[in-house]
2 protein chains.
Amino acid sequence: MKPRITLKKIAKEFSVSISTVSKALKGSHEISEEVRERIQAYANFYNYKPNNLALQLRNQKTSVIGVIIPEIVHHFFSTVIDGIEQYANQKGYNVMVCVSNESYEKEVLNFSLLANGSVDGLIVSVARETQENKIYKHFEALTKDEFPLVLFDRIINEIECDKVVIDDVGGAFKATNHLMDVGAKRIALITTEDYVSVGSLRKEGYLKALTTRGVEIDENLIYKLNDKNDLPSQIEKVFDVPNPPDGILAVNEIYAANALIIAKEKGLSIPEDIAIIGFTSGLISAFTSPPLTCVEQHGFLMGNQAAELLINRIENSAPLEFKKEVISTNLKIRKSTSLAGLKN
Amino acid sequence: MKPRITLKKIAKEFSVSISTVSKALKGSHEISEEVRERIQAYANFYNYKPNNLALQLRNQKTSVIGVIIPEIVHHFFSTVIDGIEQYANQKGYNVMVCVSNESYEKEVLNFSLLANGSVDGLIVSVARETQENKIYKHFEALTKDEFPLVLFDRIINEIECDKVVIDDVGGAFKATNHLMDVGAKRIALITTEDYVSVGSLRKEGYLKALTTRGVEIDENLIYKLNDKNDLPSQIEKVFDVPNPPDGILAVNEIYAANALIIAKEKGLSIPEDIAIIGFTSGLISAFTSPPLTCVEQHGFLMGNQAAELLINRIENSAPLEFKKEVISTNLKIRKSTSLAGLKN
DNA sequence: AAATGTTACGCAAACGTTTTCGTGTTTATA
DNA sequence: TATAAACACGAAAACGTTTGCGTAACATTT
């Protein structure tokens, strides 16, 4: 790559000082019209653009927001990024995305990479491994220095910073109620291990809905899946029991769609024999047969809010109170729970 | 945010020079053991980390790769990013992702933002609007200075740089042949406008397969969809004709899945009445009913290759020949084209 | 005692930019 | 004609880091 043109080189070319060139290019009236125009023409011809690194160093401001997410091949997270991008761009910021791959080590690495001058602030969704081992030193190092930080979706209660979450409890509550409304008596929950914060919150909503209506909790109806193993074989167990469920709430789209397919393979009709709802953010639910009712998560809005919180914090020198925004969910009702088709 | 600790501040604290501090922290033997250890302890206590911007400016190297894609909420593109990330990280690089949103203007903006010192090289998939208006000045400005650049998927032939593409022609060729193999006589192509490079390449493969087998081309079977309008109503036209097709090749997953659903609504059986194949990268195809046969695109591999080409170019001072890597596709055969179900 | 070597540090340049302040020259005013 | 104002530009610091070179003070060798 050819060396880029700099103020210094232009200055040498015209035998003037660097400051003269800088001022000339900014159209300063301190510089005579003749010199100004000659310098501008020259710079323009050689396509001069100020070096960003130098500017950022001088201004002590990068106008870049760092985002660290567990995965990028994930409809929900990419939707959130989209929301962040949109708000950030409009405010003159750019976005730098790094992936932790659910790994604690890589998360820490990304922290040290981004939080050392490269970005003005950080938006993070915590890696699974970090949630599991509960080591939060890298977060504490940031909050200690009041580094602008926003946590979203997978958050850590112990860390003091701005947060934005979806109403997981409420979403699961609504969904479970809806299943009962369409007649389901035995509702299975297909969820993740408890250390995944959203998983346990959704379980909470599920339990709350049941107890509110006086339905007794059956621990055997709660299935905790492990993403490292084969999903279908884990989900089959939901059906291969003496008294199988007539309703399913799955904490994500993949679980729900797999459950739907397996149920059909087992000869069950949906929603006649069993109604299914999944939390979602993707496109799968609309294309299954029947299409899946789902809890919509509004990732874009979440990204928007996270970016807004972060930029407010970056730009306000006076310390603000830490906010926790809760994004409410809504039920998108499709045929997998349609009332008309109920058997009982 | 509290001001970060710097070499200068540590130097003042110990009444030594900045260089002494720098050397002490690097464990240099030029510095006496006592001073070295005291400085290290102090720096460690205050969690000193060198400022990245300063390092990047000094070293004239950021170890960051910029990626500009048309959309991020898109399974294919996020898979490619994943592939880029994986290779780049392993080589000590980080990835900065920007989205052009299919807009020429935003693409140019991202260029000037990233290619001015912020990154060591750029991996780009061209925005639709840029492909449409064919204004490539921002690309030319880079290649003129031999700035490391890799184009992927949506490429520009006129621009001299490394490229990596899917074998779009071959994929469509295979898919069309497969449709004919399972007995389809009238195969419709659901594609995009011609200016989308992958769209026209896939069309080329489709045409080639037909002519190779001596099937006459029927232009009425080629449907060019516009993403800005309602998809279902555009796709319905495929079926609402006197002599509807018995096979469909769609250039992406969404088109294919919509076609499948609409076909079923029209009372057609799949694959008995009509066989369907889509190009894909996402998860939808596996969850439709019946599941869709598709042309797999290997986005991860594509990202890997793109990153490899770019990093080679960044690290080799001697100019290399421009390479064009072609990633071959393969057909994932599912029930939407199963041979057993053929009517004729 | 003189020459040489070693230790332990500081200086200053370099990366590229912006901006404040200073200054020499010209022009306008009294 | 002296003085003030206007003009056109340069010097230098600042952002934070690294590193080659210079050099005092002390130690070792002949």
Side-chain angles (χ1 to χ4, degrees), chain A residues 1-40 43 46-64 112-120 145, chain B residues 1-40 43 46-64 112-120 145:
Chain A
M1 174 181 169
K2 291 184 189 160
R4 295 176 48 78
I5 190 151
T6 67
L7 292 184
K8 191 193 266 194
K9 287 180 197 160
I10 302 180
K12 180 179 272 181
E13 177 71 25
F14 286 88
S15 304
V16 295
S17 74
I18 293 177
S19 33
T20 299
V21 178
S22 175
K23 288 170 185 168
L25 292 180
K26 295 191 113 52
S28 162
H29 275 279
E30 280 187 57
I31 308 300
S32 69
E33 197 176 321
E34 190 222 329
V35 174
R36 207 194 313 155
E37 286 181 352
R38 283 193 11 215
I39 290 182
Q40 284 180 353
Y46 284 103
N47 198 24
Y48 170 81
K49 296 274 167 51
N51 182 306
N52 268 333
L53 290 178
L55 283 181
Q56 293 174 0
L57 183 60
R58 165 161 231 280
N59 299 333
Q60 294 292 85
K61 164 133 188 114
T62 65
S63 294
V64 175
S112 65
L113 210 88
L114 295 182
N116 286 313
S118 298
V119 301
D120 291 344
D145 290 341
Chain B
M1 173 181 169
K2 291 185 189 159
R4 295 176 49 76
I5 188 148
T6 66
L7 293 185
K8 190 193 264 191
K9 288 180 197 159
I10 302 180
K12 181 179 269 180
E13 176 71 23
F14 286 87
S15 303
V16 294
S17 76
I18 293 177
S19 35
T20 299
V21 178
S22 174
K23 289 169 184 170
L25 292 180
K26 295 192 113 51
S28 163
H29 275 275
E30 279 186 58
I31 309 300
S32 69
E33 198 176 319
E34 189 224 328
V35 174
R36 209 193 313 154
E37 286 180 351
R38 287 201 358 229
I39 289 181
Q40 284 180 355
Y46 285 103
N47 197 24
Y48 170 81
K49 296 274 165 53
N51 180 305
N52 268 332
L53 290 178
L55 283 181
Q56 292 174 1
L57 182 60
R58 165 163 232 280
N59 298 332
Q60 294 291 87
K61 163 132 189 113
T62 64
S63 293
V64 175
S112 65
L113 210 87
L114 294 182
N116 286 314
S118 297
V119 301
D120 291 343
D145 290 341

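Proteins come first, then strands; the chains are lettered A, B, ... in the order of their sequence lines, and each starts at number 1. When reading the values below, keep in mind they use all heavy atoms of this one structure, side chains included, and skip hydrogens, waters and symmetry mates. Remember, predicted model here, so these are calculated numbers, not experimental data.
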> Can you tell me if the side-chain N/O atoms of A:Lys8 get under 4.0 Å from OP1 or OP2 in C:dC15?
Replying inline: yes
> Does a nitrogen or oxygen in the side chain of B:Lys23 sit under 4.0 Å from OP1 or OP2 of C:dC9?
Replying inline: no
When we call it a touch if two heavy atoms are under 4.0 Å apart, what does [X] touch: a base, just sugar-phosphate, or nothing?
{"X": "A:Leu55", "value": "sugar-phosphate"}
{"X": "A:Thr6", "value": "sugar-phosphate"}
{"X": "A:Ile18", "value": "base"}
{"X": "B:Tyr48", "value": "sugar-phosphate"}
{"X": "A:Gln60", "value": "sugar-phosphate"}
{"X": "B:Ser22", "value": "base"}
{"X": "A:Ser32", "value": "sugar-phosphate"}

> To the nearest Å, how far apart are A:Glu30 CD and C:dC21 C1'?
Replying inline: 10 Å
>> Please report the distance, rounded to the nearest Å, between CG in A:Asn51 and P in C:dC15.
In response: 12 Å
>> Quick check: any donor-acceptor pair below 3.5 Å linking the side-chain of A:Lys9 to the base of C:dG16?
In response: no
> Checking B:Gln56 side chain against B:Ser118 main chain: does a donor-acceptor pair fall under 3.5 Å?
Replying inline: no
